[in-house]
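Take a look at the structure set out below.
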There are 2 protein chains.
Amino acid sequence: MMTTKDEPNRVPGGGVQRIDAGRRRVTAEEVARLAGVSRSAVSRAHTRGAYVSREKKRKILEAAEVLGYRPNALAAGLSSKRSNLVAVVTGNLKNHYDSEFVGKLVRQLNDLGKLPIVIGGTSDSIQDNDVLEALDYPLDAIVIRAGSVTVETVRSCLKLQVPVIVSGRIFDVGNVDSLCCDNNAGSEMAVAALFESGRKNIGYLGGDPGLFSEQERCAGFIAAMRRRRLEPVVMAQSDFSFGGGYATGLKILQGSRRPDAVFCGNDAMALGLLNAARETLGMRVPEDLSVIGFDDIEMSGWPCFNLSTIRNPVEPAVGEIVSLLESRFADPARQGQTIRIVPTPVLRGTH
Amino acid sequence: MMTTKDEPNRVPGGGVQRIDAGRRRVTAEEVARLAGVSRSAVSRAHTRGAYVSREKKRKILEAAEVLGYRPNALAAGLSSKRSNLVAVVTGNLKNHYDSEFVGKLVRQLNDLGKLPIVIGGTSDSIQDNDVLEALDYPLDAIVIRAGSVTVETVRSCLKLQVPVIVSGRIFDVGNVDSLCCDNNAGSEMAVAALFESGRKNIGYLGGDPGLFSEQERCAGFIAAMRRRRLEPVVMAQSDFSFGGGYATGLKILQGSRRPDAVFCGNDAMALGLLNAARETLGMRVPEDLSVIGFDDIEMSGWPCFNLSTIRNPVEPAVGEIVSLLESRFADPARQGQTIRIVPTPVLRGTH
DNA sequence: GTCAAATATGCACACGTGTGCATATCGAGT
DNA sequence: ACTCGATATGCACACGTGTGCATATTTGAC
C-alpha cells in the first residue's frame, strides 16, 4: 500500500506556501483595512522617522506580517529619486579576472543596499542592446567594464542622466568617471624583473589589440625595452584566454627567433604559455624560459604555477568604484574623475 | 603657456554629454509636446501592435530621439504584470563552478530580455537580508543556488508570489522548482573508474557537510564502495576550495592509512590535492595515486592537470532553468518540478 | 452618394507608494 | 481654565506609464 502519509525527502517546516494563480502582491491598502487604519499610517509605519504612535505601529507591522506585505519598490521609486538599481556591464565572466572583479563588486553593492543588474556574463560581443534594455529602468548608476560597450551607449546613459563609471580604461567624455590600472608602470616592472634576471631576448604575448589595456601594456613594454636599448625578439597577438596563450605560446616557442623570456598581457595567457612550455615542449621554467604575467589571478599563486606577475589589485579598484559612486550621488553634476590604480610586482618562481 | 585648446587622450565623437544637476528623466509628456500630439500617442508609438498612423509614429520617434526619451519601466511595470527583473542568488563567485554557472545564466536571461539582479558574489554566509531587499521589487522569479538561503526566505518569496527555482539541491516545498545533479550516479561513476583501474584503497575528500551536494556525493560514494564490498581508507572533510583541498590533501597523504586513490567532492579540491601530491610531496599521479574530481571546471582540462572527473554540465542545467522559468510564466500556479541533471564521466589522466 | 468597417486619437483611469498640508488630539505649564 | 507646543492622523496629490472606451476620421465597396 502506498497510502502512507509520510513524504520522504521533504524539507521540514510545514505550512506549505504556494503561489495562487490570480493572486497579486499584497498592497498597503489591504494592510490598512486589516489593521483598521488609514493607508498613510501603513506607509509611515514602514518609513523611518515618521510620526506613528507606538501602539498603532505595532498593530500595523503585525498585520503586515500576517498578510506578507512589503512596500513595492516600483511604486516607491516612481516619485522618489533613488531606485537602488545599479547596472554592471561585464565582458566575459569566463575571464577569471573579470569574474573575481564582478564578484567583489556585486558583494559591495549589496552591502551598500544597491541591487546590481548584471549584463553580459558570457560572450565577448558588445552588449549595447542589453544595456539599452536595462536603461528602461531609472538606474542610480552604471558600471561598465572596458570593451563591453560603445561610446554611443555611454552617451545614451548620460542622456538619461545615469552616472557612468568605466573600469579598465580611461574614458574622457562628459562627466564620466574612469578607473584604470597604471599599465605603463606595470609593464616597466615586468621588463625590469626580467632584465635583472639577466634576460635579454624578451618577447611579448598580447591580447586583443582592440582593448585599451592591451594597447597600454604593449606600449609600456616597448617603451621599457627601449629604455634599456633592447629590441623585442617577438611580438605576438592572442586573445587574453588560456587556450589562446597555449596555442600562440607553442608558436612563439617553436619559432625561428626563440625568446628566453616572455611578458604576457595577462595571467590567463601566461598560464597557457607556461603549459605549452612545460607540458608540451618539455622546457624548464625558469631555467630555459622566464615568464611574467599581468593581473595576479588566484590560479597564479597555485604551487604548480607559482607565476611571477604584476598584481592589478581588485579590492582597491572595487573600493574606488564605490567611493566614486557615493561622491557622484552627493553631487551628480560634478566633474568626471580619472583614477589610476598602482600595480605591484609579485615575483614568484617563473622568472 | 598652457592655453592650448588641445585635450589629449579624449575619446573622439564631439557633442560632449553631461549630467545636469536638477535635470530629470525625459517623460512621454515632453515628447508629446514637442511632436504636437497627445501623450497616449507617444505611448502607443512605443508599443508594438498599437494603432498609430505611420506618419505620426515617425514624427514621435524622431522627437523621442532628439530628447533622448525611453519609456520608464518603473512606471510601466506598476500596472503591468511583468517587471522583467529576475534575482539570482549565488553563494560565492570565487567558486569556479558557480562563477561559470552564473555567467551562463546571466547571459541567457539577458537573451530572454530579463534583467538579472545578482545577490551574493562573495562571502559564503547566508544572504537572507539582501534577498529581502531585492524582494521589494516585484520580481518575475528568483533563482537560488543551493546553500545561499534559508527555508524562511524561500517562504517569503512564495508569500510575495515570486516563483522560486532552486539549483543544486532538491527542495520539496510548495510549488518550488528544483534542479540538481544526479550526485549518486556521479559518485558511482567515480568509484567504478577507480575500481576498474585496480584501486582498492580508496579515500574520500568532501566539502562542507552542511551542503546538499556534499551529503549526496558522500552517501553515493559510500554506497558505491559497499556495493563492491570495499571499505573507505579515509573520509576527510574540507571546504570545496583549492586551498582547502591542498591542506587537507597533505594531511590525508601523510596520514597513517595512505590511500592509493582519492575521490574528491569537487574539482577545486581535487586540483588542490593534486598540487599537494605532485608539487609538495613529489608523488607521481596516476602511478602512485589516482585522483578523480567532480564538476569538470575549465582548469581541469588544462594540460598540466588533465584531471579525470565527473562532469556536472552547466549548459544543460542553465537551459533547464530557463525552460522552468518560461513554463512557470505560462502557468504560475503549476506544481513544482524536480529535475535531475545526468552527469558524465570525463576520464582523463589522473586515475 | 451612402453606409459599414477599419483605422486613428484623445480622455481618463489604474497601478502603489511617499509626503506636504491641514487638522485633530494630547500633555503640560501657568 | 486657557494656551501653546508636540504628536498623531487622514486627505489628496504626484510620480509616468499602458490601455479600455468612446469618438473622430479614413477607407472601401456598392
Side-chain angles (χ1 to χ4, degrees), chain A residues 22-61 63-64 67-85 133 135-140 160-161, chain B residues 22-61 63-64 67-85 133 135-140 160-161:
Chain A
R23 185 107 195 83
R24 275 214 321 272
R25 191 179 242 253
V26 175
T27 140
E29 182 70 42
E30 309 179 42
V31 177
R33 206 149 29 197
L34 176 60
V37 298
S38 79
R39 194 190 54 73
S40 319
V42 177
S43 179
R44 287 191 230 272
H46 287 83
T47 310
R48 240 183 61 92
Y51 282 141
V52 208
S53 74
R54 192 165 267 316
E55 171 61 14
K56 183 171 280 190
K57 182 167 185 174
R58 196 193 51 75
K59 211 191 318 182
I60 291 174
L61 290 184
L67 264 50
Y69 168 78
R70 298 220 98 211
N72 187 335
L74 232 61
L78 199 48
S79 8
S80 144
K81 207 51 216 136
R82 286 261 183 286
S83 70
N84 283 336
L85 298 173
E133 263 175 44
L135 281 177
D136 285 348
Y137 280 92
L139 305 173
D140 282 357
L160 288 167
Q161 306 296 318
Chain B
R23 186 106 195 82
R24 277 213 320 272
R25 193 179 241 253
V26 174
T27 143
E29 181 70 42
E30 310 179 41
V31 177
R33 207 150 24 195
L34 176 59
V37 299
S38 78
R39 195 190 54 74
S40 320
V42 176
S43 180
R44 286 190 229 272
H46 287 84
T47 312
R48 243 184 58 93
Y51 281 144
V52 208
S53 74
R54 192 167 266 316
E55 171 61 14
K56 183 173 281 190
K57 182 166 185 175
R58 196 193 52 74
K59 211 191 317 183
I60 291 175
L61 291 184
L67 265 48
Y69 168 78
R70 298 219 99 210
N72 187 336
L74 234 60
L78 200 47
S79 6
S80 146
K81 206 53 217 134
R82 288 259 183 288
S83 71
N84 284 336
L85 298 174
E133 263 175 45
L135 281 177
D136 285 348
Y137 280 92
L139 305 172
D140 282 356
L160 287 166
Q161 307 294 318

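Values below: all heavy atoms of this structure, side chains included; hydrogens, waters and symmetry mates excluded.
B:Ser43 comes within 4.0 angstrom of a nucleotide base, judged by non-hydrogen atoms across all strands. Nucleic acid contact for B:Arg25: none, since no nucleic acid atom lies under 4.0 Å from a heavy atom of the residue.
Close to C:dT19, at under 4.0 Å from its OP1 or OP2, lies no side-chain N or O of A:Ser79. Of the side-chain N and O atoms in B:Tyr51, none sit less than 4.0 angstrom from OP1 or OP2 of D:dC21. Between B:Thr27 and D:dC15 there is no side-chain polar atom (N or O) within less than 4.0 angstrom of OP1 or OP2. Proximity of A:Arg24 to the phosphate of C:dG16: a side-chain N or O atom is located under 4.0 Å from OP1 or OP2.
Looking at A:Leu85 and A:Asp140, their side chains never come closer than 4.5 Å, going by heavy atoms from C-beta outward. Between B:His46 and B:Arg70, every side-chain heavy-atom pair lies at or beyond the 4.5 Å cut-off. In this structure, the side chains of B:Leu61 and B:Lys57 come closer than 4.5 Å at one or more pairs of heavy atoms. Annotation: side chain of A:Tyr137 is in contact with side chain of A:Leu74 (closest heavy-atom distance under 4.5 Å).
The nearest whole Å value for the distance from the NZ atom in A:Lys56 to the P atom in C:dT25 is 12 Å. To the nearest angstrom, C1' of C:dG16 lies 11 Å from CG of B:Leu74. When rounded to the nearest whole Å, the span between OH of B:Tyr69 and C1' of D:dG18 equals 10 Å. Summarising the geometry, the separation between NZ on B:Lys81 and P on D:dT19 is reported as 14 Å, rounded to the nearest angstrom. In this entry the distance linking CG of A:Leu78 with C1' of C:dG16 reads 9 Å, nearest Å. The interatomic distance linking B:Glu55 (CD) with D:dT25 (C1') rounds to 16 Å, in whole Å. Between A:Lys57 atom NZ and D:dT7 atom P the separation is 15 Å, expressed in whole Å. Regarding A:Arg44, its CZ atom lies at a distance of 12 Å from the C1' atom of D:dT7, rounded to whole Å.
In this structure, B:Ser83 contributes its side chain and B:Pro138 its backbone to a donor-acceptor pair below 3.5 Å. Remark: the backbone N or O of A:Ala73 is not paired with any side-chain donor or acceptor of B:Asp136 at under 3.5 angstrom.
Residues from residues 28-41 of chain B lying near DNA chain D, meaning a heavy-atom separation below 4.0 Å, are B:Ala28, B:Arg39, B:Ser40 in numerical order.
A:Leu160 CG to B:Arg25 CZ: the interatomic distance, rounded to the nearest 0.5 Å, is 5.0 Å.
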